[in-house]
Amino acid sequence: MEESGKWDWKISPVQKWYDFNWQEFVRYRGLIRRFVKRDLLSNYHQTIMGSFWLVLQPLLTTLVFVLIFGNIMKISTDGFPSLLFYLTGNIIWGFFSDCFNGSMYSFRHNLHIFKKIYFPRLIIPVSVVMTHAFRLLIQFVLLFAISFYYLWTGDQVELTWRIFLFPVLFLLTACFAMGLGLLVSTFSVKYKDLENFMQYFLRLYMFATPIVYPSSIVSEKYKVLFWLNPLTPLVETFKSGFSEQTELNYPALGIAVLVIAVIFTSGVVLFKKRELKVMDYL
Amino acid sequence: MKAGKLVIRAEGIAKSYRLGITGAGSFKKDLQDWWHAFFSSGKKGGEHQDNDAFWALKDITFDIREGEVVGFIGKNGSGKSTLLKLISRIYPPTEGVIKGRGKVVSLLEVGTGFHEELTGRENIYLNGEILGMTTSQINDCYKDIVAFSGVEKFIDTPVKRYSSGMYVRLAFAVAAHIDPDILIIDEVLAVGDAGFQEKCLAKIQEIASKGDKTIIFVSHDMNTVRRLCNRVMYLSEGSIIADGPPDAVIQKYLKKEQIDYFLQEYDSPEQAPGNDRIRIKKAQIIPPAEPSGKDSSFVIKASFWLTKPATRLSLTILVYNFMGDCILNLDSETAGFDTGLIEARSVLPAGFLNPSSYYVTLIFSDGPDQLFEFPVCLSFDVAGHTESFSRAKGLVNPGFPLLLKQASIA
């Protein structure tokens with residue numbers, strides 16, 4: 001009689017893409033918190049400055065940018081104070097590349113755990129993104145402190161209503177980075193070439209995105225292509241939070257949302273479908 | 001025994017691994033497979049793969065019921081670990097389906113996910129949640145875990161400062177307090193000192209005795225299997241050869257597999273293991289005719305060809321148990337020998353080794369230089385009394401006289 005009863009779980013050679021076990025994922029939500037805590041704690045153990053590094057890292061990179069791109073190469077910042085200009089770019093780019101790298105190496109960096117125990121593998125990239133989101137939050141404190149300084153000194157900075165878009169912008173950035181990382185991860189476990197290649201792609205991609213230069217210097221010829229990059233409208237909208245003058249490019253934002261939705265969905269679905277299969281190649 | 005409800009059903013599961021290196025060659029094959037998958041529907045691509053695939057498991061079917069303690073036994077490479085990993089959802093099967101009911105926790109290793117930099121307390125929570133516990137469940141048994149581990153004093157110290165013994169005890173303490181319906185254990189007992197192993201075994205026995213838990217267990221140690229399990233499956237070359245009550249299956253296993261390991265004999269030096277100094281002719285262990293009888297001594301014999309004269313030749317026999325501890329080191333005398341055939345013989349007296357499984361390694365030396373090591377060339381089991389559950393303490397039982405006498409009468 002019980003032979004024909006209902007089974008709680010089933011392991012078969014091929015996982016169907018629609019077998020997405022949400023309940024299971026939710027049951028393990030505590031684990032996400034543990035991984036985030038682990039990564040935050042272990043990163044700053046045995047450092048003198050501890051969690052101050054969270055703020056120091058983007059600040060140092062920004063100072064290097066200010067020095068090289070601002071003072072030496074004298075690239076325009078569209079009237080922004082250069083510190084604020086490069087800091088905004090750096091924060092959003094750092095968040096993107098950290099989330100992308102973390103998701104891409106989901107399998108390879110956690111192999112020792114994956115070989116011994118099962119839990120929904122998606123926990124790993126999600127907790128990586130959460131860790132970086134937490135770091136982002138602290139960097140925001142720095143960003144607002146600096147923008148208030150400029151407001152106070154009467155520089156060309158203003159706080160616009162668009163700062164309320166920031167959470168959405170970062171959610172989109174996270175989804176984009178994670179989706180892309182997951183897509184790559186499911187293929188790169190078998191052929192590492194893709195991982196090596198992606199590191200070059202990432203460097204190139206930073207220069208295709210208006211991080212160290214304003215979008216105004218891009219020539220008409222490349223404008224369409226330039227705005228098709230989903231990160232471009234996100235970065236520009238982020239920067240426009242501090243200046244009333246810049247117009248929002250709504251069509252580009254719309255396209256970005258669509259592209260990101262497709263990439264994120266396909267990344268998650270493919271990752272889920274292949275989460276066990278990839279273990280054969282590692 | 002009353003049959004409990006069905007908790008695991010494996011239907012025709014098989015697992016193959018692709019042999020060879022992943023690179024440009026395998027990429028070409030992948031492309032061919034994709035091509036087949038997309039453009040020639042019906043006919044499945046990848047038949048050409050069969051030549052370079054290794055089948056670790058073939059057509060495995062079984063049912064496991066609630067309350068069963070199932071032991072998987074078999075030689076290294078028989079597929080038992082692969083099977084455990086399939087049930088644990090580490091790898092997908094190549095064919096077949098495994099279905100089950102209830103929460104599964106697998107302990108293929110203790111302390112999975114432990115992080116060196118975190119404290120003992122933080123690691124208890126991290127490891128517990130990896131094993132599928134919730135924070136409140138860990139809170140409830142946190143005190144018990146710490147008490148079981150015996151590392152209270154160091155609980156707020158990073159685990160990288162722990163000794164390996166403390167580390168393992170803490171890790172096992174977490175594992176011992178999870179509360180799954182189905183528990184999968186892969187020789188995690190082979191860690192820690194003998195006293196701690198005993199504690200672990202007792203814990204598993206306690207879980208098993210409740211009757212509503214199902215345990216799947218892999219071990220090389222036949223005495224542990226006999227002690228814990230109420231059903232044993234014997235795997236060989238990826239298939240289940242026998243399935244049934246422990247004693248019968250273990251006997252079959254020992255008969256089938258161990259005999260090869262009682263004797264290794266080579267007719268000519270050319271085919272024999274060895275090198276340009278030494279070639280093995282024969283390594284043999286002669287078990288007692290009557291395993292649990294009075295004279296149950298084991299005789300170890302070896303003979304080998306010496307191809308170059310040695311001035312200070314010696315032979316060392318190492319006896320290991322299956323936990324990997326070296327139990328004995330027997331050294332022969334050192335002497336000069338000419339080329340030709342040399343024979344060696346030794347006896348392990350009756351009752352000297354406690355009941356367990358053992359293997360033998362031979363090492364040939366010329367003075368301080370090691371000529372050749374013949375590792376794990378023999379293996380044998382010392383039978384115990386299956387009725388008695390308590391194992392003799394200690395690794396060996398040398399039987400030194402111990403006298404009691406009444407000194408005075410009160």
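Proteins get letters first, then strands, A, B, ... in listed order; numbering begins at 1 in each.
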Within 45° of the six-membered ring axis of Phe114(A) and under 6.0 Å from that ring's centre, is NZ or CZ of Arg121(A) located there?
-> yes
Picking from Glu116(B), Glu11(B), Glu129(B), Glu122(B), which has the most non-hydrogen pairs under 4.5 angstrom with chain A?
-> Glu129(B)
How many angstroms lie between NZ in Lys103(B) and CD1 in Ile178(B), if you round to the nearest 0.5 Å?
-> 7.5 Å
Could Arg101(B) and Trp9(A) be counted as a cation-pi pair, given that NZ or CZ must be under 6.0 Å from the ring centre and within 45° of the axis?
-> no
Determine, for Arg65(B) against Glu68(B), whether the closest basic-nitrogen to carboxylate-oxygen distance falls under 4.0 angstrom.
-> no
Pick one of side chain, backbone, both or neither for Lys15(B), based on which atoms fall under 4.5 Å of a heavy atom in chain A.
-> side chain
Should the pair Tyr142(B) and Tyr125(B) be assigned to parallel (<30°), tilted (30 to 60°) or perpendicular (>60°) ring geometry?
-> parallel
Which is it for Phe96(A) and Tyr205(A) under the ring pair (Phe, Tyr, Trp, His ring centres under 6.0 Å) test, yes or no, and what are the steps along the way?
-> CA-CA 11 Å; Phe96(A) 172 80; Tyr205(A) 190 38; 5.7 Å; yes
Out of Ile11(A), Asp8(A), Leu276(A), which one racks up the most heavy-atom pairs below 4.5 Å with chain B?
-> Ile11(A)
Where does Thr94(B) contact chain A at under 4.5 Å (heavy atoms): side chain, backbone, both or neither?
-> backbone
Chain B contact via Arg29(A) - which portion, at a heavy-atom distance below 4.5 Å = neither
Identify which of Arg27(A), Lys192(A), Lys37(A), Arg38(A) forms the greatest number of heavy-atom pairs closer than 4.5 Å to chain B.
-> Arg38(A)
Just say parallel, tilted or perpendicular for the rings of Phe170(A) and Phe166(A), cut-offs at 30° and 60°.
-> perpendicular
Val105(B) versus chain A, the contacting section by heavy-atom distance below 4.5 Å | neither
Most heavy-atom pairs under 4.5 Å with chain A, out of Gly100(B), Ala10(B), Pro158(B), Gly96(B), belong to Gly100(B)
Checking heavy atoms, do the side chain of Leu86(B), its backbone, both or neither come under 4.5 Å from chain A?
-> backbone
